[in-house]
2 protein chains.
Amino acid sequence: MVPFGKPRAERADAARNRERLLGVAREMLTELGAEQVTMDGLAERAGLGKGTVFRRFGTRAGIFRALLDADERAFQEQVLSGPPPLGPGADPVARLIAYGRARITFLHRHFAVSRAALDRGQPVPVGDASLSQLHLRMLLGRAVPDVPDLDVLTLQLSAALEGPLLLYLSMGGSPDPPPEADGALGDGWQVLVERLVRDRPGHAATRTGTGD
Amino acid sequence: MVPFGKPRAERADAARNRERLLGVAREMLTELGAEQVTMDGLAERAGLGKGTVFRRFGTRAGIFRALLDADERAFQEQVLSGPPPLGPGADPVARLIAYGRARITFLHRHFAVSRAALDRGQPVPVGDASLSQLHLRMLLGRAVPDVPDLDVLTLQLSAALEGPLLLYLSMGGSPDPPPEADGALGDGWQVLVERLVRDRPGHAATRTGTGD
DNA sequence: AATAGAAGCGGGGTGAAGTCCGGTTATGCT
DNA sequence: AGCATAACCGGACTTCACCCCGCTTCTATT
């Protein structure tokens, strides 16, 4: 009976409603596009009240963030325990490059939702900034060991990797960036990383398999 | 009497109103904070109709973009014809570093407005993406001559430079990023740039003064 | 200077995000 | 099982960005 034992697990009906809302949201998303998904519409179509929607997700962007989270989890799974170029087992530089390319593809594939999850006044939208950024930080720490401020570098490379998709590439009203851009962005990422780690005599990293 | 000689310069009253709106907006901004500046409030306080405000600026974000533009112009002035570390006359790498530091300071100084100029669904807010990015592209072209895709690199470094201020650094509800971050971000930028251009035997750039 | 016509102006209207609070229902304890 | 409580639910309410269209004012022409 401690005051903070646990916050009393989610009630059954609440959970059911959350599932339902997520499902309907995904439906409306593919059917009408992100722009047309409104809170009122979602609530009505789910047969629930608007208050419920807001309590569950806090804000409109929150819905899209929740939608992303599911796929994000799957993505992290690949990264954390998938096959080597991306998963553990390759040297950090190779993983870094593979990670960037995979992330670009992921962002591109979820472009509409990612952008909808962007909300003025709120932090970074994708990946909760923790999972993706944590992983990037870890890889950078191994691939570029003698950097003075690892946190700042992580921030900057995060932005370099995700920013173009999230912000810059969406100019001009084209609703979706063309798929060709993926390749160019991925190549650019590889060049960037290779230049960053270039001429390290023997970065202690050809060793692999030291559990992640 | 050609149909498209010129779009018939802005009418005098319209110009007067624009000035007035900009002034009042700046007032409200320092007085109430960006969050509290509403279109209705602005119109009323300026003694004008709401429709007028929207015709002049198109959107709420447009006001803040217009506000930024003035200072942005002054900033570009420094960059294009100021004293050497930042202006022309130093080698590209030095200018690149100076530019990044100056840009970080600029963004930080205009943090509230920059964020308010951010609007979901629109391109990158600050600097119209053209001026700042064009300059960056030029410097990069000289400092890192053998890069395969200069446009992509520009995009990525733009994001690395501006992203942390605009997106990542604003997490956690702290309304303003602490000033100490400027130094760290600036140092980070310098490290990034130096690593990118590192070990160029003699990048044809110690020569200076070839007009910009 | 008078006039025609375009550009600018105003403020009410609409739709959607987010808030509030009274009623309802699940959960923990006895 | 019965009850107290806290979480949940619903939908009306508020606020704000943005639209619309008839009216006014400026500017180019004669």
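What you see is a predicted model, and the numbers here were worked out from it, not measured in a lab. Naming: A, B, ... by sequence-line order, numbering from 1 per chain.
End-to-end axis angle of the helix from dA1(C)-dT30(D) to dT30(C)-dA1(D), using five pairs per end and rounding to 10°, comes to 20°.
The distance between atom CD of Glu44(B) and atom P of dA17(D), rounded to the nearest whole Å, is 14 Å. Per the geometry, CZ belonging to Phe57(B) stands 18 Å off C1' belonging to dC19(D), to the nearest Å. Rounded to a whole Å, the CZ atom of Arg11(B) is 7 Å from the P atom of dC26(D). Between the CZ atom of Arg56(A) and the C1' atom of dA7(D) there is a distance of 10 Å, rounded to whole Å. Between the CD atom of Gln36(A) and the C1' atom of dG15(C) there is a distance of 12 Å, rounded to whole Å. Residue Asp40(A) contributes atom CG, which lies 14 Å from atom P of dC13(D) at whole-angstrom precision.
Within the structure, a side-chain polar atom (N or O) of Thr59(B) is placed less than 4.0 Å from OP1 or OP2 of dC18(D). Look at Thr52(A) and you'll find a side-chain N or O under 4.0 angstrom from OP1 or OP2 of dG10(D). For the pair Thr38(A) and dA16(C), the criterion of a side-chain N or O lying under 4.0 Å from OP1 or OP2 is not met. Between Arg60(B) and dA17(D) there is a side-chain polar atom (N or O) within less than 4.0 angstrom of OP1 or OP2.
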(request) Report the C-alpha distance between Phe64(B) and Leu29(B) in whole Å, list the side-chain angles of each, state the deciding distance to 0.1 Å, and finish with yes or no for side chain to side chain contact (heavy atoms under 4.5 Å, CB included). (result) CA-CA 10 Å; Phe64(B) 296 103; Leu29(B) 192 62; 3.7 Å; yes
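Residues meeting the side-chain contact (heavy atoms from CB on, under 4.5 Å) test with Arg26(B), sequence neighbours left out: Leu67(B), Ala70(B), Asp71(B). Legend: residues meeting side-chain hydrogen bond (donor to acceptor under 3.5 Å, both in side chains) with Gln36(A), ordered by chain and number and at least two apart, are absent. For the side-chain contact (heavy atoms from CB on, under 4.5 Å) test, residues two or more places apart in sequence or in another chain that qualify with Ser81(B) are Glu77(B).
With respect to the salt-bridge test (charged N to carboxylate O, under 4.0 angstrom), the residues Glu72(A) and Arg103(A) qualify.
For Met39(A) and Gly51(A), each mapped to the nucleotide of DNA chain C holding its nearest heavy atom, the one lying further toward the 5' end belongs to Met39(A). Toward the 5′ end of DNA chain C lies the nearest nucleotide of Lys50(B), the other residue of the pair Ala61(A) and Lys50(B) mapping further downstream.
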Can you give the donor-acceptor pairs under 3.5 Å from side chains of residues 185-192 of chain A to other protein atoms, not counting sequence neighbours?
unit_1, atom_1, unit_2, atom_2, d
Asp187(A), OD1, Arg101(A), NH1, 3.3
Asp187(A), OD1, Arg101(A), NH2, 2.8
Trp189(A), NE1, Leu96(A), O, 3.1
Gln190(A), OE1, Arg101(A), NH2, 2.8
Gln190(A), NE2, Glu194(A), OE2, 3.1

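Within a heavy-atom distance below 4.0 Å of DNA chain D, the residues of residues 12-24 of chain A found are Asp13(A), Ala14(A), Asn17(A).
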